[in-house]
Amino acid sequence: NIVWVKLVRDQFGALVNTGLRNRKGLTPIMYAQYLNFTDIVYELQKPFPTFGLKGDVDVYDVNGLTALMLAIISKN
């Protein structure tokens with residue numbers, strides 16, 4: 001659900017790269033649109049805060065998904 005996207009936003013802030021593409025070439029916003037998660041698309045279009053923890057938020061899992069993409073998927 002959208003709580004996971006908000007959690008990633010709150011924890012990582014501006015470190016989150018919403019322009020990063022998965023193996024299929026989709027950005028997080030494009031992926032949320034593909035899944036018809038309009039509330040998440042709206043949330044992703046808001047500016048991310050400039051504070052947050054340091055970490056590698058662009059890291060992929062074995063399926064080529066970032067933490068933000070996994071947060072989007074968790075809506076199911």
Side-chain angles (χ1 to χ4, degrees):
N1 63 39
I2 199 162
V3 172
W4 288 107
V5 173
K6 289 181 179 181
L7 178 70
V8 170
R9 173 189 298 281
D10 292 345
Q11 292 296 311
F12 296 103
L15 293 174
V16 175
N17 183 352
T18 57
L20 194 64
R21 296 177 182 269
N22 67 9
R23 290 183 185 170
K24 294 184 179 183
L26 298 174
T27 65
I29 292 173
M30 294 164 64
Y31 196 61
Q33 288 172 328
Y34 171 76
L35 296 173
N36 200 31
F37 295 162
T38 54
D39 55 337
I40 291 180
V41 171
Y42 176 76
E43 187 69 27
L44 292 173
Q45 289 174 337
K46 294 179 184 176
F48 278 68
T50 57
F51 61 91
L53 301 175
K54 292 185 179 181
D56 188 358
V57 294
D58 292 342
V59 69
Y60 291 97
D61 71 1
V62 295
N63 297 310
L65 300 172
T66 65
L68 185 56
M69 291 177 182
L70 289 170
I72 292 167
I73 292 169
S74 73
K75 180 167 174 119
N76 288 336

Student: Roughly how far, to the nearest 0.5 Å, is the CD atom of Q45 from the CD1 atom of I40?
Tutor: 12.0 Å

Student: Between K6 and E43, which heavy-atom pair has the shortest distance, and what is it?
Tutor: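 Heavy atoms of K6 and E43 come nearest at CE-OE1, 3.6 Å.
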
Student: Would you give me the side-chain donor-acceptor pairs under 3.5 Å for residues 23-35, sequence neighbours excluded?
Tutor:
residue, atom, partner, partner atom, Å
R23, NH1, V62, O, 3.4
R23, NH2, V62, O, 3.4
T27, OG1, M30, N, 3.2

